[in-house]
Amino acid sequence: MPELPEVETVCRGLQLQLPGSFVSEVDVLRDDSIGYPEVEEFIDQLAGHRFESVTRRGKYILINLDRGAGLACHLRMSGRLMVVKDLQQPSRFLRVRMGLKDGRELRFEDMRVFGRLWYVPPGKTFVDVIPTLGELGVEPLDQMSGEILASLFDGKKQPVKTALLDQRLIAGIGNIYADESLYQAGINPLRPAGTVKRAELDKLANEIQKVLKRAIKHRGSTLSDYRDSEGVNGNYQNKAGVYGREGLPCRVCKSEIERVKIAGRSSHFCLVCQPIKAVRKSRK
DNA sequence: ACGTAGACTTGAATCT
DNA sequence: ATTCTTCAAGTCTACG
């Protein structure tokens, strides 16, 4: 799925397009796409609401509606949330269609049907409806430092890559940006998280923010499915240092980029720039 | 408590 | 051309 930069790009687009618009009708083409409440209620209760503002928490899109209600969306791997003006033939992966009073449509498309939409009724909070939202870790663009990483990783034996992907520790980093951040910081993804030295964590914290901000500037990465709220591709994939570059020369040292599975996820890195043992100053 | 496969779902790409 | 296997922006559950 879209990771933090892609979700942020979608949110910024929706914030420009939605506030002030009213939902006139709701059409659910695939029941699995609705997380809460039951499909019938989702349809009945969402209709008539006005969009007020769009924010993000981790990889969740949070839309505030009038009367204290809300609409949340997680794109997971292949979800798209977009506002369309010219109502051309919808994609075959259209799962939920929300007609707006001004004639436009908010469409949720999702090839793999992992993504979800949740309606939050007045009186309930987003966390009431989506418990995992309350368990998310720090927002890396707001709170990130070597000190924070040191406390989050303390005593952890799992690979540092796996720790970066744990949404309860840090919210929003996914497979692409975990690999990219570790590459930029010169840290091998297989190193047990708790063994990464403080100086390296300082560097990693800095690189995480740099990578995420740069990706947002490029409107995210489009590998296959991701599009922003206007249906436009991201560009960051072309800037990647290691992700998707297995077998290609490292942009720094020219040695071949490796790919291994870590906790089930493809992980890309340069053995020379990210040695398995921390590089230490020669002792003499 | 901690860490890692498997499941969920659909399609694209690579290889015979 | 067709079939098979592998892989994919994520996360939740079930094991050991």
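Convention: sequence-line order gives letters A, B, ...; per-chain numbering from 1. Both backbone and side-chain heavy atoms feed into the values below; hydrogens, waters and symmetry mates do not. Please read these numbers as outputs of a predicted model, since none were measured by experiment.
- When rounded to the nearest whole Å, the span between CG of A:Asp166 and C1' of B:dA1 equals 13 Å.
- Using a 4.0 Å heavy-atom distance criterion, A:Pro159 is classed as a sugar-phosphate-only contact.
- Salt-bridge annotation for A:Arg57 and A:Glu139: present, with a side-chain N of the basic residue lying under 4.0 Å from a carboxylate O of the acidic one.
- An OP1 or OP2 oxygen of C:dA8 is reached within less than 4.0 angstrom by a side-chain nitrogen or oxygen of A:Ser266.
- Look at A:Gln167 and you'll find a side-chain N or O under 4.0 angstrom from OP1 or OP2 of C:dT11.
- Separation of the C1' atoms belonging to C:dT11 and B:dA12 is 23 Å when rounded to the nearest angstrom.
- The side chain of A:Lys261 contributes no N or O atom lying less than 4.0 Å from OP1 or OP2 of C:dT6.
- Phosphate proximity of C:dG10 to A:Lys59: present, with a side-chain N or O under 4.0 Å from OP1 or OP2.
- Counting non-hydrogen atoms under 4.0 angstrom, A:Arg259 reaches the backbone sugars and phosphates but no base.
- Distance, A:Ile130 CD1 to C:dT11 P: 12 Å, rounded to whole Å.
- The existence of a salt bridge linking A:Glu200 and A:Lys203 is excluded, since no basic side-chain nitrogen approaches an acidic carboxylate oxygen closer than 4.0 Å.
- Within the 4.5 Å cutoff, the side chain of A:Pro5 has no heavy atoms near those of the A:Tyr236 side chain.
- A:Glu135 contributes no side-chain N or O that, together with a main-chain N or O of A:Arg168, makes up a donor-acceptor pair within less than 3.5 Å.
- In this structure, the CD atom of A:Glu246 is 12 Å from the C1' atom of C:dT6, given to the nearest Å.
- Taking atom P on both nucleotides, B:dT16 is separated from C:dC7 by 14 Å, rounded to a whole Å.
- When side chains are defined from C-beta on, A:Ile170 counts as touching A:Leu152, because their heavy atoms get closer than 4.5 Å.
- Remark: the separation of the P atoms in C:dT5 and B:dA7 is 16 Å, to the nearest Å.
- The aromatic ring of A:Phe114 sits over the base of B:dC8, with ring centres less than 5.5 Å apart and planes inclined by under 30°.
- Atom CZ of A:Arg265 and atom P of C:dC12 are 13 Å apart (whole Å).
- Using a 4.5 Å heavy-atom threshold, the side chains of A:Leu4 and A:Ile216 count as touching.
- For C:dG10, the OP1/OP2 oxygens have no side-chain nitrogen or oxygen of A:Arg112 closer than 4.0 Å.
- As the counterpart of C:dC4, no nucleotide is assigned, since no Watson-Crick or G-U wobble pattern has both distances under 3.5 Å.
- OP1 or OP2 of C:dC12 has at least one side-chain nitrogen or oxygen of A:Thr132 nearer than 4.0 Å.
- In this structure, A:Phe93 reaches the sugar-phosphate backbone alone: every heavy-atom distance under 4.0 Å involves primed, P, OP1 or OP2 atoms, never a base.
- Distance, A:Glu6 CD to C:dA8 C1': 14 Å, rounded to whole Å.
- Rounded to whole Å, the distance from CD1 on A:Ile262 to P on C:dA8 is 12 Å.
- One finds no side-chain N or O of A:His74 lying less than 4.0 angstrom from the OP1 or OP2 phosphate oxygen of C:dG10.
- Among the protein residues, A:Asp110 comes within range of no part of the nucleic acid, since none of its heavy atoms lies under 4.0 Å from any strand.
- Side-chain atoms of A:Tyr60 and A:Gln167 form no donor-acceptor pair, as typed in the model, at a separation below 3.5 Å.
- Pair check for B:dT14 finds none; no Watson-Crick or G-U wobble contact set falls under 3.5 Å.
- What separates CG of A:Leu94 from C1' of B:dT10 is a distance of 16 Å, to the nearest Å.
- A:Arg30 comes within contact range of the sugar-phosphate backbone alone, with a heavy-atom separation under 4.0 Å but no base atom that close.
- In this structure, A:Leu29 places its CG atom 14 Å from P of B:dT10, rounding to the nearest Å.
- At the phosphate of B:dG11, OP1 or OP2 sits under 4.0 Å from a side-chain N or O atom of A:Arg92.
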